[in-house]
Amino acid sequence: MFLRNHWYVAASASEIGRKLFRRVLLGEPVVLFRREGGQPVAFEDRCPHRHLPLSMGKLDGDTLQCHYHGLRFGIDGRCVRIPGQDQIPPNAKAKTYPVVERYKWLWIWMGDPALADPSKITDFHWLDDPNWGAKGSYLHVKANWQLVVDNLLDLTHLAFVHETTIGNAALAEHATVKVARAPDNVIVTRWIIDQDPPPTFKKVGGFVGKVDRWQIIDFAPPAFLRLDVGATPTGTGAPEGRRVDGINMRNLNAITPETETSSHYFWAQAHDFDVKNPETTNKIFDQIQTAFLEDVEVFSAQQRNLDIIPNPSQLDINADTGVIQARRILARLHDEEQAALHVTAAE
Amino acid sequence: MPEFEGWQRVATLSQLRDGEAYPAKLGDTPIALYRLNGQVYAIDDVCTHEHALLSQGFVEDCAIECPLHQAKFDIATGKCLTAPATVDLKRYSVLIEGEEIYVSTAPLK
């Protein structure tokens with residue numbers, strides 16, 4: 001299941017230059033590159049003539065030439081030259097996609113181009129806000145994108161998968177959790193009061209005693225998870241909104257389906273303390289990355305089982321509340337998108 | 001405040017918020033308290049479908065929706081309103097003494 005009429009992260013801005021870059025997104029091969037002026041461009045990575053990936057071709061200025069028979073395409077996808085043939089058929093066109101560069105990521109619209117409104121891009125300003133330090137990365141995940149969304153909406157797994165970094169038992173056993181929902185949004189709020197900080201928080205925050213820790217997960221469809229996370233010394237007022245002497249971070253996640261069983265996982269960690277010190281940024285990033293690599297192992301192991309037993313029955317527990325609400329939103333949006341497609345097809 | 005025979009003190013009024021469940025224990029039984037239009041209600045907190053804690057679900061008008069599979073129950077009566085659950089929740093008498101909330105240790109018939 002893919003939702004097409006949404007903006008997705010196609011690549012980090014730094015990944016894309018004048019070299020043709022192929023990536024499969026929502027089951028479609030895409031080639032990304034920058035124009036001579038620097039603006040990012042995305043084509044379907046398939047020549048409309050005989051299907052060779054255009055990424056095997058080359059750029060000549062802002063013209064893309066196919067490696068097979070030398071057809072050339074302009075920036076709007078229109079064929080501008082067919083070697084040995086003067087007349088160019090009006091339908092000779094490669095498919096292109098709207099692309100926007102924002103928050104150090106390149107965003108792509110894989111749905112109906114008429115609906116592509118850049119103001120609908122999900123806010124990730126922490127990635128380039130001078131008041132925050134941030135570092136991000138990309139992971140290729142051999143699992144369905146919804147397994148990654150599930151993972152970020154149920155953080156009880158930190159106590160078990162990530163006990164050497166960001167998890168400890170307090171998180172699963174001594175938390176109060178609230179789930180709030182809106183038509184297109186789920187917020188899971190978890191407070192862990194007067195408990196030991198996990199290893200990463202000791203390293204990064206220098207805590208000596210007990211802490212009040214929060215995890216406020218904001219899910220926006222199709223697969224954006226922005227986590228407000230941190231801790232302060234216990235009893236200093238964080239639950240009432242006074243965050244002092246602690247650490248305040250954002251864990252930022254954007255997942256883009258590659259196929260039904262593989263995903264592109266763009267993530268970053270931002271912090272609002274010691275923001276100009278790359279050593280701090282790197283130290284935090286390294287800790288979180290260790291945890292995320294542990295997650296990637298979990299996803300692919302889940303997917304391997306699901307490949308053998310598709311749609312098995314599953315046990316739901318209370319911690320799944322956020323996961324279930326998010327999956328319901330995604331199913332509804334998918335139904336709406338399919339219904340709109342059928343209306344268009346009938347017209 | 002003395003304990004009354006057949007009643008158990010489970011919470012104070014200030015712990016309740018409109019539109020939110022307050023989970024409590026009646027002996028070993030998980031129950032949930034709700035305040036709706038100035039009235040306090042007490043019903044079982046375990047969904048009769050698959051054991052989810054209803055107090056972690058969603059209050060919609062006068063009903064509580066299970067967080068996992070969307071069964072709904074009437075908060076005032078415990079009546080099951082929608083599938084996948086089919087069995088009603090037990091409900092309990094509530095007695096308010098000043099700030100204290102007492103719940104009957106035996107469910108209402």
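For clarity, every value in this text was computed on a predicted model and none was experimentally measured.
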Minimum heavy-atom separation for A:Asn318 and B:Ala52, please, with both atom names. OD1-CA, 3.4 Å

For the residue pair B:Leu68 and A:Ile324, what are the closest heavy atoms and their distance? O-CG2, 3.3 Å

So with a 6.0 Å cut-off around [atom1] of [X], is the heavy-atom count from everything else above 12?
{"X": "A:Asp335", "atom1": "CG", "value": "yes"}
{"X": "A:Arg332", "atom1": "CZ", "value": "yes"}
{"X": "A:Glu163", "atom1": "CD", "value": "no"}
{"X": "B:Glu60", "atom1": "CD", "value": "yes"}
{"X": "B:Asp18", "atom1": "CG", "value": "yes"}

Between B:Gln56 and A:Lys178, is there a side-chain heavy-atom distance shorter than 4.5 Å? no

Check each atom of B:His51 against the heavy atoms of chain A and say whether the ones under 4.5 Å are side chain, backbone, both or neither. backbone

Count the heavy-atom pairs under 4.5 Å between each of A:Val179, A:Thr321, A:Ile317, A:Asp320 and chain B, then report the option with the highest count. A:Thr321

When heavy-atom pairs shorter than 4.5 Å are enumerated against chain A, which of B:Glu20, B:Glu65, B:Glu50 gives the highest number? B:Glu65

